[in-house]
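Working notes, structure below.
Residue numbers start from 1 in every chain, and the chains themselves are labelled A, B, ... in the order their sequence lines are given, proteins ahead of strands.
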Number of protein chains: 2
Amino acid sequence: MKFGKRVADLDLTPPHAGILRAISMSEGMSQKALGGRLGIVPSRLVELLDELDQRGLVERRDDENDRRVYALHLTKKGGATLEALARVGREHQETLLAALTSQERELLASLLAKVAEEQGLTPGVHPGYAYLRRARRSRKGPGAQR
Amino acid sequence: MKFGKRVADLDLTPPHAGILRAISMSEGMSQKALGGRLGIVPSRLVELLDELDQRGLVERRDDENDRRVYALHLTKKGGATLEALARVGREHQETLLAALTSQERELLASLLAKVAEEQGLTPGVHPGYAYLRRARRSRKGPGAQR
DNA sequence: TATTGTTATACTCTATAACTATA
DNA sequence: TATAGTTATAGAGTATAACAATA
């Protein structure tokens with residue numbers, strides 16, 4: 001996962017990157033709304049936001065109308081990090097698609113966009129957030145030490 | 001992960017599917033060789049093979065020349081399961097690519113093949129086997145219960 | 001002493017459920 | 001009683017390291 005490596009240089013993980021981007025697109029949204037949009041369960045979102053908060057990238061401001069909710073905002077540093085992430089994304093894409101001409105890249109993008117749309121994916125939202133519980137594997141058995 | 005769901009109907013996971021296919025392509029190979037080819041560490045391979053062995057899909061036969069190694073073989077049932085997996089793969093692909101004409105599918109495949117080759121991927125080997133340790137995230141902080 | 005495979009153990013990621021504060 | 005967010009806990013997947021048998 002080359003992209004993850006690049007993001008790690010910013011002391012973040014790919015899930016963090018998606019959250020920063022989502023917040024920047026709708027500043028002030030609640031955790032509930034953010035989690036709903038990305039498909040992250042509340043408990044997981046809390047931890048990811050804690051980490052972003054801790055790094056000074058995101059602020060949880062009190063909502064005056066409803067004291068149960070936080071209004072999520074990017075800090076100045078958060079905005080700068082988002083720009084750095086955009087650079088990282090461009091670099092990653094350049095490396096990944098090095099084998100293709102720019103015409104081929106556009107073609108690939110349009111084919112994939114068709115597929116994504118037909119599959120009902122939301123643009124800008126990585127489907128990996130919505131985790132699907134795998135089937136339970138039964139365990140152990142043979143293979144004793146000879 | 002729709003493919004994983006389909007594979008789960010056969011009481012397997014995607015990693016199992018790749019192993020069955022790899023064994024069928026070189027019957028009799030050792031665990032070391034298999035793990036090397038797919039990029040699976042020995043301890044993980046043992047468990048995955050235990051599960052396949054237990055389901056009667058794979059046999060670990062003693063190698064006569066070197067009693068430390070096992071020669072891996074598909075059982076008859078393993079061969080049948082591999083065919084079922086091929087069907088599953090075709091169904092999955094059909095669903096995934098429903099938005100594309102067959103010409104577009106070929107085009108997509110050729111673009112992706114170019115990218116994969118340039119990236120040094122081995123045909124037939126899912127890159128997900130080679131796990132990359134993520135950067136350690138520092139933990140916890142704000143967000144105390146109000 | 002080196003190699004093949006196994007076991008023991010630890011760590012990461014993610015989910016479910018119980019809980020607190022507020023509505 | 002219902003909702004937003006948090007904490008506690010558990011489970012799945014994978015890795016590292018110590019180990020046994022054989023070379």
Side-chain angles (χ1 to χ4, degrees), chain A residues 1 4 8 12-16 18-19 28-51 53-54 58 60-72 126-146, chain B residues 1 4 8 12-16 18-19 28-36 38-51 53 58 60-72 126-146:
Chain A
M1 204 221 296
L12 294 175
T13 65
H16 292 129
I19 288 175
M29 82 198 307
S30 68
Q31 294 189 192
K32 186 84 194 308
L34 176 60
R37 172 161 180 75
L38 297 183
I40 307 181
V41 297
S43 64
R44 189 184 170 199
L45 187 55
V46 165
E47 184 172 347
L48 290 164
L49 285 173
D50 280 353
E51 290 158 349
D53 192 340
Q54 203 181 313
V58 157
R60 286 192 255 220
R61 298 190 195 150
D62 287 330
D63 181 309
E64 292 152 15
N65 300 40
D66 186 338
R67 292 178 45 208
R68 289 173 303 180
V69 332
Y70 283 131
L72 299 171
H126 196 294
Y129 282 116
Y131 186 84
L132 291 175
R133 169 69 67 227
R134 275 69 139 194
R136 206 162 263 90
R137 310 189 263 178
S138 14
R139 303 294 324 296
K140 295 290 159 175
Q145 195 73 266
R146 284 150 298 171
Chain B
M1 203 223 292
L12 295 174
T13 65
H16 293 128
I19 289 174
M29 81 198 311
S30 69
Q31 294 189 192
K32 186 85 195 310
L34 177 59
L38 297 183
I40 307 181
V41 297
S43 64
R44 187 183 171 201
L45 187 55
V46 165
E47 184 172 344
L48 289 164
L49 286 173
D50 280 353
E51 290 159 349
D53 192 340
V58 158
R60 286 192 255 220
R61 297 190 197 151
D62 287 329
D63 181 311
E64 291 151 18
N65 301 39
D66 186 339
R67 290 179 44 208
R68 290 173 303 182
V69 332
Y70 283 131
L72 299 172
H126 196 293
Y129 281 115
Y131 187 82
L132 291 176
R133 166 71 65 227
R134 272 71 141 194
R136 206 162 264 87
R137 309 190 261 180
S138 14
R139 303 294 325 296
K140 294 290 159 176
Q145 196 71 268
R146 284 151 294 175

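- Contact detail for A:L48 and A:P15: the closest heavy-atom pair is CD2-CB, 4.2 Å.
- Taking atom CG of A:N65 as the reference point, atom C1' of D:dA4 lies 14 Å away to the nearest angstrom.
- Closest to the B:R44 side chain, of the nucleotides C:dT14, D:dT14, D:dT6, is D:dT14.
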Under the salt bridge (Lys or Arg N to Asp or Glu O under 4.0 Å) criterion, do A:D62 and A:R67 qualify, and how do the steps go?
CA-CA 7 Å; A:D62 287 330; A:R67 292 178 45 208; over 6 Å; no
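- Taking the side chain of B:Q31 as heavy atoms from C-beta on, and the options D:dA23, C:dT6, C:dA23, the nearest nucleotide is C:dT6.
- Computed from coordinates, the B:L49 CG to C:dT6 C1' distance equals 12 Å when rounded to whole Å.
- The A:R68 side chain lies nearest to C:dA21 when the options are C:dA17, C:dA21, D:dA15.
- In this structure, CZ on B:R44 lies 9.5 Å from CG on B:L38, to the nearest 0.5 angstrom.
- Look at NE2 on A:H16: it is 13 Å from C1' on C:dT14, rounded to the nearest Å.
- Rounded to whole Å, the distance from CG on B:L48 to C1' on D:dG13 is 10 Å.
- With rounding to whole Å, B:L45 atom CG is found 13 Å from D:dT14 atom C1'.
- Between the base of D:dT16 and the side chain of B:S43 there is a donor-acceptor pair shorter than 3.5 Å.
- At whole-Å resolution of the value, CD1 in B:I40 and C1' in D:dT14 are 11 Å apart.
- For the atom pair A:L72 CG and A:K32 NZ, the distance stands at 13.5 Å (nearest 0.5 Å).
- Side-chain proximity of A:V46 to the nucleotides D:dT16, C:dT6, D:dT6 is greatest for D:dT6.
- Comparing A:E64 and A:V41 by the nucleotide of DNA chain C whose heavy atom lies nearest to each, the residue mapping closer to the 5' end is A:V41.
- Here D:dG5 is the nucleotide among D:dG5, C:dT4, D:dA23 with the atom lying nearest to any side-chain atom of A:K32.
- Of the possible polar contacts, none joining the B:Y70 side chain to the B:S30 backbone as a donor-acceptor pair under 3.5 Å is found.
- In the set D:dA23, D:dT7, C:dT14, the nucleotide with an atom closest to the side chain of B:R67 is D:dA23.
- One finds a side-chain N or O of A:R60 lying less than 4.0 angstrom from the OP1 or OP2 phosphate oxygen of D:dT6.
- Summary for the helix from C:dT1-D:dA23 to C:dA23-D:dT1: the axes at its two ends, each from 5 pairs, differ by 30° when rounded to the nearest 10 degrees.
- Between A:E47 atom CD and C:dT16 atom P the separation is 16 Å, expressed in whole Å.
- Put simply, the side chain of A:I19 does not reach to within 4.5 Å of the side chain of A:V58, judged on heavy atoms.
- Using a 4.5 Å heavy-atom threshold, the side chains of B:D53 and B:D50 count as separate.
- At whole-Å resolution of the value, OH in A:Y129 and C1' in C:dC13 are 14 Å apart.
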